[in-house]
Visitor: 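The structure that follows is given in the form of C-alpha cells.
Numbered from 1 within each chain, the chains take letters A, B, ... in sequence-line order.
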There are 4 protein chains.
Amino acid sequence: MGTARARRGDTRQRIQDVALDLFAQQGYDKTSLREIAEHLDVTKAALYYHFKTKEDIVISLFEDLARPCDELIAWAADRPRTLETKTEVLRRYSEALRDAAPLFRFMQENQATVRDLSIGESFKARMLTMVGLLKEPDAELTDQARCVTALVSLHSGMFAMQNVEGDPEEKRRAILEVALELVTAAHGPGAPQK
Amino acid sequence: MGTARARRGDTRQRIQDVALDLFAQQGYDKTSLREIAEHLDVTKAALYYHFKTKEDIVISLFEDLARPCDELIAWAADRPRTLETKTEVLRRYSEALRDAAPLFRFMQENQATVRDLSIGESFKARMLTMVGLLKEPDAELTDQARCVTALVSLHSGMFAMQNVEGDPEEKRRAILEVALELVTAAHGPGAPQK
Amino acid sequence: MGTARARRGDTRQRIQDVALDLFAQQGYDKTSLREIAEHLDVTKAALYYHFKTKEDIVISLFEDLARPCDELIAWAADRPRTLETKTEVLRRYSEALRDAAPLFRFMQENQATVRDLSIGESFKARMLTMVGLLKEPDAELTDQARCVTALVSLHSGMFAMQNVEGDPEEKRRAILEVALELVTAAHGPGAPQK
Amino acid sequence: MGTARARRGDTRQRIQDVALDLFAQQGYDKTSLREIAEHLDVTKAALYYHFKTKEDIVISLFEDLARPCDELIAWAADRPRTLETKTEVLRRYSEALRDAAPLFRFMQENQATVRDLSIGESFKARMLTMVGLLKEPDAELTDQARCVTALVSLHSGMFAMQNVEGDPEEKRRAILEVALELVTAAHGPGAPQK
DNA sequence: AATGAATGAGCGTTCATTCAT
DNA sequence: CATGAATGAACGCTCATTCAT
C-alpha cells in the first residue's frame, strides 16, 4: 500500500529503470514493450501514455544518463589542451561510464541497432569530440590510435574483463591507468605539459 | 541465362555473401530472410534448402571466416609464451581480423544478439584463450588490463577510427603498434624475452 | 453499428464458437487461425489478444465443455458401485456428450492431433476413470470388453449412425439402451444390485 | 550390399511401410514427406517417382490393406442373411482388422483428415455396407444401434482397451464375443437362424 | 493515468510439389 | 531410379502502435 502509493507518479521513472535493465540484459530488439509492461504490472498502452514510441524510451534514457558526459565535454572545451586536462577528462569520463554502466553496456552491445536510432548520430559525435579533446591537432596516426584505444578501452574494458577476477572498482582503475598511459604517450614531449 | 547458369551450384556461397553484407550493414535482427532472398532473386524457401535456420547462416559464416583465428590459436598453443610469440600472435591476429572484417564488424555491433546465438559462447571462449596467450599467468591487474585493451583495440579500433582520415592499412598498422606496445609493457622485464 | 456494439466484449466467446465449429467440421490441423479470424471479421492478431496460442483455444473449449463430465465423475466417485449407480452414470454421460456434441466429435475425429495437445492426457485419464466406474474390480476380460464397448458406443455411436434415418434424440436413446444392456450384463448376478 | 541389393526395386514397398508406420504413430498431417524420406535415406523427390502425391500413398495403403475387407463383403453379398453368415462375417472382419491394425488405427485417429481424402467416401460406404450385412432390413432403431455398436467396437475396441492388461489376441476375442452377442440379439427370434 | 481491444505488417519456418538433369 | 534446387502458399506467432473509454 505504502509501496503502491510511493509508486504513484513515478511510473515514468519505473519504466525507464525496467527498460534500461532489460535493454542491457537482452538487447533492444529482443526486449518487447509487452515484456517491459509485464515487469511493471501495467498494460502496454500505459507505456504509450508516458512515451510516444519505443525509441523515445531510449532517447529519454540517453538524455538522462549521458548528461554527465556532455557536462564533462563542456567543461573541457574551455580549458587548454594540457596533459593535466586530458588526465582529468579521462578520470571523470571513467567515472561517468561507471555511473551509467547499464546504459553504456546497452550502447556497446547494440551498436547496430543504436546506429539508426536518433541517438546514434549524437553518440558518434560525442565520441569524435572526446577524441578531439585527447589528441593533439596534428597528431600522427599512431598517436591517434593511442587516443582512440584509450577511449575504446574505457568503453569496452569493463565488459571485456568480466571474466577476470577482482573487485570491479579496482578493475576500473586498472583500465583507467592504461588509458592514462596511452594518452600520456600520445601527448608527446613537445606538447604543453601544464 | 549464362548468368543464371553460372549461378547454379554457388547459391549457398551467394547466400553467405549477401547475408554477411546485410548483417554487417543493418544488424542481424533488422535483416530478414525475405530481404536476403530478394537480393538474390530467389524465394525465402530457397534459403531453407541451403540452411536449416537463420542462425545456421551465421554459424556457417563464423565457421568459414573464423577458422584462421582458430588456427592461430592452435599454432600458439604449443609455443613458449615468449614476447616473440606474443608479438607474432598479435600480428597475425590483426591480419585475420582484417581479412574477415565484415564478420567481426557484425559480431562487434551485434553483441547482444550474438550472445544468445550458439556461436556466442565459442566467441567468448576464443577471447579468453587469446587473453591467456598474451598475459603472464600471474600478471597484475594493470597488466591484465593492458592485454585486454590490446585485444579490444584490435577488435574495435578499425571501426572507431573510421572517421580518422588515412589509408585503412596504415590505420591497421598503427593500431597494431599500439597493441604491441601494450603487450610488451605487460610482458615485464622478468619474463622470458625469447 | 448496433451489431458491432453488441459484439464488444463477447469476442472471446465468439472465437470459441467459431473455432469449435470449424475444428469439428474440418479438423484441427486443417483449420487455420486465419480462417477463424476471417469468419469473425477480425485479424489474426486479435485472436492472440484473447488466447495465447492455437492450442489454448482448444484447451479453453475443453475446460468449458467437459466440466459436466468431470462433475459426473466426481458425483459417482462417492457412491457404491451398484448397478443403479452405473445406470445413472451412463444416462447422464450420454446427456453430457449430447450437450457438447461438437467438442466430442472434434476429439473423436482428431485423436492423433489431440494426443499431443495438452488435453490429450486428461482426456485419456477421464476415459480410464469412467471404465473404472462401470466395471467390477475383478471383472473378466469379456466383461471389461462390454464396459469399454458401452463407452465407445456412446462416444462414436452418434457419428456412426449419422446415415441411419430417425430423430437424433431417439437414436441417442437407442444407443444408450444398448450401452445399458452391456453394462448390466457385465455387472453380473453376484454383484450388488442396489 | 546384400541389403542394398535386396532393397532394389522394393522402394515402393518400403515407402509404404514407413509411411504407414509414421501415419499411425503421429497422424497424417503431422507426418511430412521430408520425414518419410529421411527415414528411408532418400530424397523427397524420390517419393514422387513412386507416388504422384502424398494422398496417393494413403490410397495405395488403403487399396493393399483393405482388400481383405472388400473380399469379405463380396463373399457375404451372395449369401443369405442368416445368423450364421453374420457370425462368420464378424469373425473374419475382426481378423482382417487385426491384420491391418496400423492402417485402421490410422483411419480411426485421423477421421477428420481421412474424410476429405478420396478414400474417405469409400471407407464410409464400406461401413454402410457392413451395417447392411448385419442388420435385418426392417430392424428397429435399437437393433440398428446394436449392429452399429458391434462394428464400432471392433474398430475402436483394441485401442480403447490398450490400457487393459492381457494378451492382445485374447482381448480381440473378448471384443469379438461382445460384438457377436450384440448382433445375435439384433438378429431377433423371427429371423432365419440358418 | 491507464486499460481493453484491436490492427497491419512482418517474421522465421514448413510443406507438398515440380522439373531439369 | 533418383537427386539437387527451387517455388508458392500457407502457417503460427509477435511486434509496435492506436484509440475510444
Visitor: Applying ring pair (Phe, Tyr, Trp, His ring centres under 6.0 Å) as the test, list every pair that has at least one member in residues 27-62 of chain B; sequence neighbours left out.
Guide: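 Checked against ring pair (Phe, Tyr, Trp, His ring centres under 6.0 Å) - neighbours excluded - the pairs reaching residues 27-62 of chain B are B/F23-B/Y28.
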Visitor: Check salt bridge (Lys or Arg N to Asp or Glu O under 4.0 Å) between D/D21 and all other residues, then give those that pass, not counting sequence neighbours.
Guide: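 Salt bridge (Lys or Arg N to Asp or Glu O under 4.0 Å) check on D/D21 returns nothing, list empty.
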Visitor: Please list, chain by chain and in numerical order, all residues satisfying side chain to side chain donor-acceptor pair (under 3.5 Å) with A/Q111, sequence neighbours excluded.
Guide: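 A/Q111 satisfies side chain to side chain donor-acceptor pair (under 3.5 Å) with no residue once adjacent residues are dropped.
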Visitor: If you round to the nearest 0.5 Å, how far is CZ of A/R14 from CG of A/L40?
Guide: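 Those atoms lie 5.0 Å apart.
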Visitor: Please enumerate all residues that pass side chain to side chain donor-acceptor pair (under 3.5 Å) together with A/R12, with sequence neighbours excluded.
Guide: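 Result, side chain to side chain donor-acceptor pair (under 3.5 Å) vs A/R12: none returned.
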Visitor: Taking salt bridge (Lys or Arg N to Asp or Glu O under 4.0 Å) as the definition, give me every residue that meets it alongside A/K30, ordered by chain and number, with sequence neighbours left out.
Guide: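 In terms of salt bridge (Lys or Arg N to Asp or Glu O under 4.0 Å), with neighbours along the sequence ignored, A/K30 is linked to B/D116.
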Visitor: Between B/V42 and C/E35, name the one whose nearest nucleotide on DNA chain F is closer to the 5' end.
Guide: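 It is B/V42, whose closest nucleotide lies nearer the 5' terminus.
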Visitor: Not counting sequence neighbours, which residues clear salt bridge (Lys or Arg N to Asp or Glu O under 4.0 Å) with D/D64? List them please.
Guide: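 Scan of D/D64 (salt bridge (Lys or Arg N to Asp or Glu O under 4.0 Å), adjacent residues dropped) gives D/R67.
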Visitor: Tell me which residues in residues 15-31 of chain D put a heavy atom below 4.0 Å from DNA chain F, sorted by number, or none.
Guide: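 Going residue by residue through residues 15-31 of chain D, none turns out to have a heavy atom under 4.0 Å of DNA chain F.
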Visitor: Once salt bridge (Lys or Arg N to Asp or Glu O under 4.0 Å) is applied, do any residues pair with D/K52, and if so which ones, sequence neighbours excluded?
Guide: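 Salt bridge (Lys or Arg N to Asp or Glu O under 4.0 Å) list for D/K52, sorted by chain: empty.
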Visitor: Mind calculating the distance between CZ (B/R12) and C1' (F/dA6) to the nearest angstrom?
Guide: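 Value for this atom pair: 16 Å.
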Visitor: In whole angstroms, how far is the P atom of F/dC11 from the CZ atom of C/R34?
Guide: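 That distance rounds to 4 Å.
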Visitor: Restricting to pairs with a member in residues 101-113 of chain C, which pass salt bridge (charged side-chain N to carboxylate O under 4.0 Å, His left out), not counting sequence neighbours?
Guide: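 Of all non-adjacent pairs touching residues 101-113 of chain C, those that pass salt bridge (charged side-chain N to carboxylate O under 4.0 Å, His left out) are C/R105-C/E109, C/E109-D/R115.
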Visitor: Answer yes or no: is there a donor N or O on one side and an acceptor on the other, between the side chain of B/K54 and the main chain of B/T31, under 3.5 Å?
Guide: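 Yes; judged by distance alone, with no hydrogens or angles, the pair exists.
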Visitor: State the OG1-CZ distance between D/T43 and D/R34, to the nearest 0.5 angstrom.
Guide: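 Between D/T43 OG1 and D/R34 CZ, I get 13.5 Å after rounding to 0.5 Å.
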Visitor: For the pair made of CD1 in C/I36 and P in F/dA10, what is the distance, rounded to whole Å?
Guide: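 Rounded to whole Å, this separation is 16 Å.
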Visitor: Would you say a side-chain N or O of A/T11 is under 4.0 Å from OP1 or OP2 of E/dA1?
Guide: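 A/T11 to E/dA1 OP1/OP2: no side-chain N or O under 4.0 Å.
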Visitor: Is there a residue in residues 53-65 of chain C whose heavy atoms reach under 4.0 Å of DNA chain F, and which residues are they?
Guide: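 DNA chain F contact set from residues 53-65 of chain C: C/T53, C/K54.
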Visitor: I need the CG-P distance between C/L33 and F/dG12, as an integer number of Å.
Guide: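 After rounding, the gap between these two atoms is 5 Å.
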Visitor: Starting at the 5' end of DNA chain E, write a dot or bracket for each base, bracketing those in Watson-Crick or G-U wobble pairs whose two distances are under 3.5 Å and using | for partners on another strand.
Guide: .||||||||||||||||||||
Visitor: Within residues 44-52 of chain C, find the residues that approach DNA chain E with a heavy atom at under 4.0 Å, and present them sorted by residue number.
Guide: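 C/K44, C/A45, C/A46, C/Y49, C/H50 - these, ordered by number, are the residues of the stretch whose heavy atoms sit under 4.0 Å from the strand.
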Visitor: Working to the nearest 0.5 Å, report the span between CG of A/D17 and CD1 of A/I36.
Guide: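 So the CG of A/D17 and the CD1 of A/I36 are separated by 11.5 Å.
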Visitor: Can you work out whether B/S32 or A/D41 has the more 5'-proximal nearest nucleotide on DNA chain E?
Guide: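 With B/S32 and A/D41 compared, the 5'-side residue is A/D41.
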Visitor: Once you round to the nearest 0.5 Å, how far does CZ of B/F106 lie from CG of B/N110?
Guide: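 With rounding to 0.5 Å, CZ (B/F106) is 5.0 Å from CG (B/N110).
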